[in-house]
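Source: prediction; values computed, not measured. Hydrogens, waters and symmetry mates are skipped; everything else that's a heavy atom, side chains included, is used. A, B, ... follow the sequence lines: proteins, then strands. Residue 1 opens every chain.
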Amino acid sequence: MRDTWLVATPFLYRIACSNGDFHHMTTQNSTITTLREQLAFRLREALLRAGLSEDVVEISPATTSKFGDYQSNTAMVLAKRLGANPRTIAERIVASLNVADLSAPPEIAGAGFLNFRFSQEFLTRRISCIFDDDRMGVPFACHRKRIIIDFSCPNVAKPMHVGHIRSTILGDALARIARFLGHEVITDNHIGDWGTQFGKVIYGWKHFLDQDRLAREPVEELVRLYRHTHRLEEENPAIAAQARKELVLLQQGDPENLRIWKQSVELSWKEFEKIYRTLEIHFDQCLGESFYNEALRPLVERLLETKVAQPSEGAVCIFFPETPELTPCIVRKTDGGFLYATTDLATIEYRVKTWNPDAIWYVTGAPQALHFRQIFAAARRLGIQAELVHIAFGSILGEDRKMMKTRSGENVALAELLNEAIERASKIIAEKNPTLPSEERQNLASAIGIGAVKYAELSQHRMTDYVFSWDKMLSFQGNTAPYLQNAYVRIRSLFRKSNAIPQETCAILLESPEERALALRLLQFGETVSAVLEEFRPNLLANYLFELANLFHGFYEKCPVLRAENAIRHSRLALCHLTARVLSQGLSLLGIRAPEKM
RNA sequence: GCACCCGUAGCUCAGGGGAUAGAGCAGUGGAUUUCUAAUCCAUUGGUCGCAGGUUCAAAUCCUGCCGGGUGCGCCA
């Protein structure tokens, strides 16, 4: 079971994770590459021509617009290596640089920076390309991989709570983005449907089951049975022994206990499905822990035979003498039982055998870092080659800066939290747009409320512990989902009002600074999406979308669209349309809907 | 005890070797008879926890402290 609740420490651990994979890309339309790629290509050519080493091709967006659009630090890095003057090296590079079709010759500034500023012609040409591209300039990854993403993983007979939200939302966004970049993705919800908790649940079921409550609130009833038994066990060791016996019976295949177990799983799964429906998230596979039961015994036998594991004090352990900080990993207990490490290893083997993936990503809280280091190290010894990545994240805090809990100190149920999000959104819509029909409002409330929760998660660096605040995430100001959705709505409203449909490419005019800034940002969509998977950071995309929406609002303020003259009007409508498409696509990659009205 | 993560504006957070450290919120001052003001513009505010080190260049990398959090043989 991967309980994602006890989560607090940001930590990233990766094994053999690729670094350069997303640096060379192609699109369906081979003439489209990102701005960054184009400059990097030219710079590489120039370095070769100038007889300089071409392995230091650094291009990044300018830190401030007064330094142009993009900058390169290559000259300084090379100068250091050669013991030469950076500005001299910069001059050599510029002399060999052929960028006439992109920009004026770059300026050499400061300690030896190269500052590029694109020409209007180039930008307008690029905007036209992107306008005609249904991927809006997002290239496919050059190495397309088959990736299994393991996320969400709630536990049966327990309610899903806030602890699961980060894994679920992050995992889903990463899956969407990876797919969009051309990877083959298999999402697998590794449900915690087997484990010691069932001894207590079954004992409780047999002695204190309330059928009515089970029909009404199945998961709550299961939790009650678990807790009740647990409490009794603490006072009475005999009951603890009986509960353990129920567990053993279940593991031995006792029909009655198996039936109870199965029913618990089904009831829980129905609850999970409701939540996933609300979140609009689905999984390709839902192979829970129980799926691997049969594989555990032979796996441990094999681990022993191959000397990957050793008997130790009656248990079976994998030791890691080469990494002293890795404590031994138990794969079979003294009583013959197996642990989640065993299941995780069996799961890796199954996945490799069944799908032969290039990578398996685990979107799981940071506290489990050590566990994954152990599992990954063990998998290596078993000869597993696939890239194994633990995509870790921090915890969600309450307004008191402590781990988010209810007033009574319990985990916050996810279902209730999502309902509250929708209700709050509904209330806000009713205030701001009272004329909206109530059906429409309900649908909208879901898009806005759920979008707000997802965006609050995804706009944050995954490692940081963030404070959960309704007021902030549902605000229409600042870096929030409603703000982005509103930008989209404004554009859609323009088109409804004007009856304009920008189908054909028209000449794009970028005369005002606002138009130019908006266009430049639109052209950066491709490199932004591509960058997300380099370190598994959807917040890069979120930040991009926020800046795009912000630039759009600035443009909208300064540049009349419908009131403009013919050519300018067409051009501005085209910019609006492209902005809407990028916003909508970007939000969709984060799993957030862009409504037509608000 | 060992290990890991975090410490940046009053608050919430970006930035993770490059130029004078940025946003949002809050505060202050403006714009607007709207192309949905659900917006925009301007402005105040920082010893990037502390101290060393590496470097032409450190918030960023290394070491050591301090503070907060978390994890570490038979739970998941």
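- Neither OP1 nor OP2 of B:C75 sits under 4.0 Å from any side-chain N or O of A:Gln197.
- Taking a centre distance below 5.5 Å and an interplanar angle below 30 degrees as the stacking criterion, A:Phe546 does not stack against the six-membered base ring of B:A23.
- If you take atom C1' in B:G18 and the same atom in B:A57, they sit 6 Å apart, rounded to whole Å.
- Taking a cutoff of 4.0 Å between a charged side-chain nitrogen and a carboxylate oxygen, A:Arg81 and A:Asp55 qualify as a salt bridge.
- Straight-line distance between the P atoms of B:G68 and B:G22: roughly 32 Å, to the nearest whole Å.
- A sub-4.0 Å separation between OP1 or OP2 of B:A38 and a side-chain N or O of A:Lys432 is absent.
- Below the 3.5 angstrom threshold, one finds a donor paired with an acceptor across the side chain of A:Asn115 and the base of B:A19.
- Proximity of A:Arg401 to the phosphate of B:U12: a side-chain N or O atom is located under 4.0 Å from OP1 or OP2.
- For an aromatic pair to be called close, the ring centres must be under 6.0 Å apart, and A:His371 with A:Tyr340 satisfies this.
- Of the nucleotides present, none pairs with B:U33 by Watson-Crick or G-U wobble criteria with both distances under 3.5 Å.
- To the nearest whole angstrom, the two C1' atoms, one in B:C50 and one in B:C40, are 42 Å apart.
- Residue A:Thr334 has its side chain nearest to B:C74 when only B:G71, B:C74, B:U39 are considered.
- Rounded to a whole angstrom, the distance from the P atom of B:G73 to that of B:C66 is 26 Å.
- Taking atom CZ on A:Phe338 and atom C1' on B:C75, their separation rounds to 16 Å, with Å as the unit.
- For the C1' atom pair drawn from B:U33 and B:G29, the interatomic distance equals 23 Å after rounding to whole Å.
- Rounding to whole angstrom units, CG of residue A:Leu397 and P of B:C13 are separated by 7 Å.
- Between the side chain of A:Thr464 and the base of B:C6, no donor-acceptor pair under 3.5 Å is found.
- If you check B:C72, B:C74, B:U39 against the side chain of A:Phe476, the one that comes closest is B:U39.
- At a cut-off of 3.5 angstrom, counting only N and O atoms as typed in the model, there is no donor on one side facing an acceptor on the other between the side-chain of A:Glu547 and the base of B:A23.
- Between B:U60 and B:C6, the distance separating the two P atoms is 13 Å to the nearest Å.
- Here A:Tyr483 does not count as stacked on B:A38, because the ring centres are not under 5.5 angstrom apart with planes under 30°.
- Remark: A:Arg297 CZ is loosely packed, at most 12 non-hydrogen atoms of other residues, nucleotides or ligands lying under 6.0 Å away.
- The residues A:Glu325 and A:Arg373 are annotated as salt-bridged, a charged nitrogen and a carboxylate oxygen being separated by less than 4.0 angstrom.
- Both tests hold for A:Lys432 against A:Phe476: distance to the six-membered ring centre under 6.0 Å, angle to the ring axis within 45°.
- A gap of 33 Å separates the C1' atoms of B:A23 and B:U63, to the nearest Å.
- Sequence order on RNA chain B of the closest nucleotides to A:Ile429 and A:Phe555 puts A:Phe555 first from the 5' end.
- Here, B:U12 and B:G45 have their C1' atoms 15 Å apart, quoted to the whole Å.
- Across the interface with RNA chain B, nearest-nucleotide mapping of A:Lys402 and A:Lys597 shows A:Lys597 to be the residue nearer the 5′ end.
- In this structure, A:Asn550 reaches the B:C40 phosphate: one of its side-chain N or O atoms is under 4.0 Å from OP1 or OP2.
- Of the options A:Phe151, A:Tyr292, A:Phe291, a ring-ring contact (aromatic ring centres under 6.0 Å, His included) to A:His190 is made by A:Tyr292 and by none of the others.
- Annotated as anti: B:G29, whose glycosidic dihedral deviates from 0 by more than 90°.
- Here B:C11 is the nucleotide among B:A14, B:C74, B:C11 with the atom lying nearest to any side-chain atom of A:Lys472.
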